[in-house]
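A short worksheet on the structure shown next.
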Amino acid sequence: MAKWGQGDPRWIVEERADATNVNNWHWTERDATGWSKSKLREVLVGLVVEGEAGRCEISDLKHVEGEASCNSRKGKLIFFYEWNLRLGWRGTVKESGEKHKGSVEIPNLSEENEVDDTEINISKKKGEGEVLKDLMRTEGATKVREALRDYLKALKTEFTSGMILPTKAAAGQEVAAERKVRGNPMQGSVSLQSLDVIGVKIPTVKILLREIFNSPADELYSIFTTKELVQRFSKCPAVIEAEKGGKLQMFDGSVSGEYLELVPSQRIVLKWRCRNWPDEHYATVALHFKDVAAQTELHLECKGVPVSNEDSTRQCWKEQYFEEIHTLLQQSRDNME
């Protein structure tokens, strides 16, 4: 058997801790079917479609049939997936308030077709409500395609973490670069910035929540952006710099982040993390405010939550944010009476 550094590298058995698939040459395969079913449900169920005709929502993933896998060969990843999906949707006509249900059929989502070319069929149960069917055919189909792209992106990033192992050559280059930086202190800061620092990819999930608050949108928006109000519902000192690039810190530092976008009474986008998450890992939180009569419908989308922290993050938003804000609003009403 050849020694490391001699002969054809395809047949070298490198001395390494994992002792598997040296130089990523051999064919390896990972079944993505179970993971994909969960991910498809995550990205599709709860999708909201709104328009002048009314409001629709993907309510269920009724049927999912197919398989997915990822293969590694010669350091390259090859994906195979083929899915037959049926989704349930429900909607309300804006003018009449009538409620209707229907289905979304995706007969062939596969690597052979681009997402834009994937067939999406919209149907509705008997009766009125064609305006909702038209809404789902247009804006609904667009949102479903976006969700399918999110699934494929996650398949090619989250799921494949660790499939391509570092080779000895790559490791040697990293060590050499590090030694070069250390050997020339004068150029240290510049050289370090030029290095490609590759972090560890962690599997993440997206959390979708919807909550109704008994307050107008502008009042609810101010509760998330006014320091005094944040401190009242969180019952802790807080740092609230409600402007683009402004800092956020709450719950004695357990939550921190940055304001990325603010549209008064309509939308807030945050870079957001919990203290116990992996270092420097942030989720992106989008809060959408919608006036509904004397109430506000709040939609929360939290992308990039570590899988291991999904339940605690969901609990944080429901209990430490939403429930406490409900209490604050009730106290304000009581004081006015």
Side-chain angles (χ1 to χ4, degrees), residues 42 46 48 50 55 57 204-337:
E42 174 191 321
V48 174
E50 293 184 281
R55 181 182 186 277
E57 180 180 348
T204 62
V205 297
K206 177 171 70 175
I207 293 175
L208 298 172
L209 295 174
R210 173 178 170 271
E211 191 79 7
I212 300 292
F213 291 91
N214 292 321
S215 78
D218 58 348
E219 181 182 5
L220 185 60
Y221 177 90
S222 68
I223 290 177
F224 282 93
T225 55
T226 305
K227 180 178 178 179
E228 292 74 14
L229 295 176
V230 170
Q231 291 182 153
R232 284 181 62 187
F233 83 76
S234 66
K235 301 178 177 64
C236 294
V239 175
I240 302 295
E241 300 172 356
E243 60 183 10
K244 186 174 182 179
K247 302 302 180 186
L248 164 77
Q249 190 174 91
M250 298 172 59
F251 307 116
D252 291 327
S254 295
V255 165
S256 59
E258 179 181 324
Y259 288 93
L260 301 179
E261 181 183 357
L262 297 102
V263 180
S265 306
Q266 296 181 38
R267 183 170 62 255
I268 299 173
V269 181
L270 305 165
K271 187 169 78 170
W272 187 93
R273 64 173 271 110
C274 291
R275 183 162 49 196
N276 62 343
W277 288 8
D279 291 345
E280 299 304 317
H281 179 84
Y282 287 83
T284 300
V285 173
L287 299 166
H288 297 273
F289 303 80
K290 182 184 177 183
D291 266 321
V292 182
Q295 298 178 315
T296 299
E297 187 175 296
L298 178 66
H299 290 267
L300 176 142
E301 181 185 80
C302 190
K303 291 183 178 179
V305 177
V307 170
S308 59
N309 300 103
E310 177 183 3
D311 291 340
S312 61
T313 302
R314 191 182 298 272
Q315 184 178 17
C316 173
W317 279 100
K318 286 185 174 181
E319 297 182 3
Q320 295 182 256
Y321 279 88
F322 296 169
E323 289 185 11
E324 295 298 333
I325 291 174
H326 279 300
T327 300
L328 175 62
L329 291 170
Q330 183 61 50
Q331 290 173 349
S332 298
R333 286 193 296 273
D334 292 344
N335 291 337
M336 292 177 63
E337 293 177 354

Value rounded to 0.5 Å, distance of [atom1] in [X] from [atom2] in [Y]:
{"X": "Ser234", "Y": "Gln249", "atom1": "OG", "atom2": "CD", "value": "11.0 Å"}
{"X": "Arg55", "Y": "Glu297", "atom1": "CZ", "atom2": "CD", "value": "4.5 Å"}
{"X": "Cys274", "Y": "Tyr282", "atom1": "SG", "atom2": "OH", "value": "11.5 Å"}
{"X": "Leu270", "Y": "Leu260", "atom1": "CG", "atom2": "CG", "value": "7.0 Å"}

Restricting to non-hydrogen atoms, name the atom on Ala238 and the atom on Gln231 that form the minimum distance, rounded to 0.1 Å.
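Of all heavy-atom pairs spanning Ala238 and Gln231, the closest is N-OE1, 3.0 Å.
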Side chains of Asp334 and Gln330: do they bring a donor and an acceptor to under 3.5 Å?
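Short answer, yes.
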Going by an N to O cut-off under 4.0 Å, is there a salt bridge joining Glu57 and Arg210?
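Salt bridge absent between Glu57 and Arg210.
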Determine whether a donor-acceptor pair (N or O, by modelled atom type, separation under 3.5 Å) exists between the side chain of [X] and the backbone of [Y].
{"X": "Ser256", "Y": "Gly253", "result": "no"}
{"X": "Asp291", "Y": "Ala217", "result": "yes"}
{"X": "Arg275", "Y": "Asp252", "result": "yes"}

Apply salt bridge (charged side-chain N to carboxylate O under 4.0 Å, His left out) to residues Lys271 and Glu258 and explain how you reach the verdict.
CA-CA 5 Å; Lys271 187 169 78 170; Glu258 179 181 324; 3.8 Å; yes
Could you walk me through whether Val48 and Leu208 pass side chain to side chain contact (heavy atoms under 4.5 Å, CB included), step by step?
CA-CA 11 Å; Val48 174; Leu208 298 172; over 6 Å; no
For the NZ atom on Lys235, are there more than 12 heavy atoms of other groups (residues, nucleotides or ligands in this structure) within a distance under 6.0 Å?
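Count over threshold, so yes.
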Exceeds 12 heavy-atom contacts within 6.0 angstrom, atom CZ of Arg232
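Open.
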What residues, two or more places apart in sequence or in another chain, satisfy salt bridge (Lys or Arg N to Asp or Glu O under 4.0 Å) together with Glu261?
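Residues passing salt bridge (Lys or Arg N to Asp or Glu O under 4.0 Å) with Glu261: Arg267.
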Over 60° means perpendicular and under 30° means parallel, so tell me whether Phe251 and Phe233 are parallel, tilted or perpendicular.
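The arrangement is perpendicular - the two ring planes meet at more than 60°.
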Side chain to side chain contact (heavy atoms under 4.5 Å, CB included) between Thr296 and Ile212, intermediate numbers included:
CA-CA 6 Å; Thr296 299; Ile212 300 292; over 6 Å; no
Using the rule given for side chain to side chain contact (heavy atoms under 4.5 Å, CB included), can you reason through Asn214 versus Arg333, listing the C-alpha separation, both sets of side-chain angles and the distance that settles it, and then say yes or no?
CA-CA 10 Å; Asn214 292 321; Arg333 286 193 296 273; 3.6 Å; yes
Which residue is it: His326, Glu211, Met250? I am looking for the one with a side chain to side chain contact (heavy atoms under 4.5 Å, CB included) to Tyr321.
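With Tyr321 as partner, His326, Glu211, Met250 yield a single side chain to side chain contact (heavy atoms under 4.5 Å, CB included), made by Met250.
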Side chain to side chain contact (heavy atoms under 4.5 Å, CB included), that's the test. Do Glu324 and Leu328 meet it? Break it down for me.
CA-CA 6 Å; Glu324 295 298 333; Leu328 175 62; over 6 Å; no
Glu42: partners by side-chain contact (heavy atoms from CB on, under 4.5 Å), with sequence neighbours left out
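Scan of Glu42 (side-chain contact (heavy atoms from CB on, under 4.5 Å), adjacent residues dropped) gives Lys39, Val205, Lys206.
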Mind checking side-chain contact (heavy atoms from CB on, under 4.5 Å) for Pro306 and listing every partner two or more places apart, or none if nothing turns up?
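Here the qualifying residues are Ile202, Trp277, Pro278, His281, Ser308, Asn309.
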